[in-house]
Amino acid sequence: MAIRVYSTLTRKKEEFVPLVSGKVSMYVCGPTVYSKAHIGHAMSAMVFDIIRRYLEYRGFEVKFVMNFTDVDDKIIARAEKLGVDPYELAEGYIQEYRQHLHDLNILPATVNPRATQEMDQIITMIAGLIERGFAYESGGDVYFRVDKDKEYGKLSGRKLEDMQAGARIEIGELKENPLDFALWKTAKPGEPAWDSPWGKGRPGWHIECSAMNLTHLGEQIDIHGGGNDLIFPHHENEIAQTECFTGKTFARYWIHNGMLQLAGEKMSKSLGNLITIEEFLEKHSADALRYLLLNAGYRNPLTFSEDVLQSAERGLARLRSGLKPAQPGAKGAPQASVDALTAQMEKACTDFVEFMDDDFNSSGAMAALFDLVRVINQTRADGGTDVQLAPAQGVVRELSAVLGLTLAGEEKGMQAADPFVDALVALRTELRKQKLWALSDQVRDQLTALGVTLEDSKDGTQWRWTE
RNA sequence: GGCGACGUGGCCAAGUGGCAAGGCAAGGGUCUGCAAAACCCUGAUCACGGGUUCAAAUCCCGUCGUCGCCUCCA
């Protein structure tokens, strides 16, 4: 069975066939580093991390490129406001973002190119576009000539005429057509600038991605990804630049993730309704956010709220319940029970791949996992031993890892307090032996209040920090 | 105004032509001294109105609603 991928370009699911058999080249638009990253960025990064992990699981060798836009108007403006050097500002946020990705269990990219390190390629491309008539210089700026590109608008499904009718477009006096976009911007005094045939300046936003793709992945790539808010104008412009420069089809599959919704609105820097990754991780695990994404389709808007997060934490706990060891003193589950577990284990693996192959239907993949967990728990309740449970638990661990879930958890309390909790639990066990229920319940209640959950069984009491 | 997406049980959400996955929450039960955990059982005809079809949540048209893009944005 082949993997099927929904491409924004055709608005259809297509069979995934990479340019080079067994290898995948993948480019995802990273952040512009001018302020703290929010969980919308995390969502996008995580979505493509899941796709990347899955492709690797399916045996592809993935070259994954994610850029940092480290020079742009906003960075310059922010640096000026703060009175700091724009390079240092960007550098600081890049380091912070890297740490976030690590904390979110997102695999590092093969390469993290930066706009400022791509100047030669950028200038080569702009010069080439001018030479071919796709761009023109005007007052030190260089603009892309959209009229010249017959395919312009094909990704976002817009027509030039429709867009020109739009009232929100201002006519720049330097542009031939109001829809022309900047490839190169002349620098004002004091701004970061690079030498070019058109004077000192800096690249426009879109050209850097085209250049980085060319440098690190070549003229044609398999997957180009990003948030769906980048479809227009960013990706539209990227296609225009690259294809007009190379004369070849740029990306085979355009994959876009939906926006994270906070209180019914898109979370974004401009709306100011954002939760930073930092804030999120102070309260929740990376798994919780990932669970949220996995539970839904990556292309749809994702509802984010405390309620939904809480339900995610509970769902994770359920997934982890499958990994718990056998009951103390387990005598072994009957053969029929073990057979059912084996069958479910095989079904889970098959279903998982079948769902994920269908445009990364992670929601279905999670269902496969939950179904397996239920049967594991049934087998355990049936007296299953660790040896009997182990293979299926191994599958849960493996498939969870493919999705990027750590299923870690627990560990959350203060470990220094563990011996004290142990002592109190031992004390309560004594009280229970003497049937001093009131006292023993009092101990349990107080431990509960302190965030410790107790679980009694015939063979003793287990405790854990409440999730 | 233009383009696009979406509207599935209390909540989150798969499914996109053939008897509506999964998770959370809720109720009942088993186990337990009581709890907790686990296990078992219980629930939706898919925004609304037309149409196509032997058959529609799934296709078409219309209405209402929500959201995104059209300016920087993951």
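Here is how names work: the chains are called A, B, and so on, in the same order as the sequence lines, proteins then strands, and each is numbered from 1.
- Not one side-chain nitrogen or oxygen of A/Lys435 sits closer than 4.0 Å to the OP1 or OP2 atom of B/rC34.
- In the model, A/Glu91 has a side-chain atom that pairs as donor or acceptor with a side-chain atom of A/Gln95 under 3.5 Å.
- Nucleic acid contact class of A/Gly225 (heavy atoms, under 4.0 Å, all strands): none.
- Taking only distance into account, the side chain of A/Asp307 never meets the base of B/rC12 through a donor-acceptor pair shorter than 3.5 Å.
- For a distance-only test at 3.5 Å, the side chain of A/Asn228 fails to qualify as a donor-acceptor partner of the base of B/rG4.
- In this structure, A/Asn377 reaches the sugar-phosphate backbone alone: every heavy-atom distance under 4.0 Å involves primed, P, OP1 or OP2 atoms, never a base.
- One can place CG of A/Leu454 at 15 Å from C1' of B/rG33, the figure rounded to the nearest angstrom.
- A cation-pi arrangement is present between A/Arg299 and A/Tyr6, with the terminal nitrogen or guanidinium carbon under 6.0 Å from the aromatic centre and inside a 45° cone about the axis.
- The P atoms of B/rA13 and B/rU8 are separated by 9 Å, rounded to the nearest whole Å.
- Comparing B/rG28 with B/rG68, their P atoms are spaced 41 Å from each other, to the whole Å.
- For A/Arg432 and B/rG33, a side-chain-to-base donor-acceptor distance below 3.5 Å is present, hydrogens and geometry of angles not being considered.
- Residue contacts shown for A/Asp72 are absent, as no nucleic acid heavy atom lies under 4.0 Å away.
- A donor N or O paired with an acceptor N or O is found under 3.5 Å between the base of B/rC12 and the side-chain atoms of A/Asn295.
- Within the nucleic acid shown, A/Phe48 has no heavy atom closer than 4.0 Å to any nucleic acid atom.
- Using C1' as the reference atom, B/rU30 and B/rC12 are 29 Å apart when rounded to the nearest Å.
- Put simply, the side chain of A/Arg444 and the base of B/rA35 share a donor and an acceptor less than 3.5 Å apart.
- Residue ring and base: A/Trp437 counts as stacked with B/rG33 (centre distance below 5.5 Å, interplanar angle below 30°).
- Across all strands shown, A/Gly157 has heavy atoms under 4.0 Å from sugar-phosphate atoms exclusively, and none from any base.
- Using a 4.0 Å heavy-atom distance criterion, A/Arg78 is classed as making no nucleic acid contact.
- Considering only the side chain of A/Arg314, B/rC24 comes nearest among B/rC24, B/rG4, B/rA74.
- At a threshold of 4.0 angstrom between heavy atoms, the contacts of A/Asn361 are confined to the sugar-phosphate backbone, with no base atom among them.
- As judged by a 4.0 angstrom heavy-atom cut-off over every strand, A/Gln378 is placed among residues touching the sugar-phosphate backbone only.
- Within 4.0 Å (heavy atoms only), A/Thr448 reaches no atom of the nucleic acid at all.
- In this structure, A/Gln462 reaches neither bases nor backbone, as no heavy-atom distance under 4.0 Å exists between it and the strands shown.
- For B/rG9 and B/rG22, the P atoms lie 16 Å apart once the distance is rounded to whole Å.
- There is no side-chain donor-acceptor pair under 3.5 Å between A/Thr406 and A/Asn105.
- Side-chain contact, A/Asp147 with A/Tyr152: no donor N or O sits under 3.5 Å from an acceptor N or O.
- For the P atom pair drawn from B/rC6 and B/rC31, the interatomic distance equals 49 Å after rounding to whole Å.
- Counting non-hydrogen atoms under 4.0 angstrom, A/His38 reaches a base of the nucleic acid.
- Environment of CD in A/Gln378: crowded, with over 12 heavy atoms of neighbouring residues, nucleotides or ligands closer than 6.0 Å.
- Among the protein residues, A/Asp371 comes within range of the sugar-phosphate backbone only, with heavy atoms under 4.0 Å from sugar or phosphate atoms but none that close to a base.
- Separating the P atom of B/rU45 from that of B/rA26 is a span of 23 Å, rounded to the nearest Å.
- Look at CG on A/Asp358: it is 17 Å from P on B/rA21, rounded to the nearest Å.
- Remark: aromatic rings of A/Tyr93 and A/Tyr34 are distant, center separation not under 6.0 Å.
- Taking the ring axis of A/Phe64 as reference, the NZ or CZ atom of A/Arg52 stays within 45° of it and closer than 6.0 Å to the ring centre.
- Heavy atoms of A/Leu369 sit nowhere under 4.0 angstrom from any nucleic acid atom.
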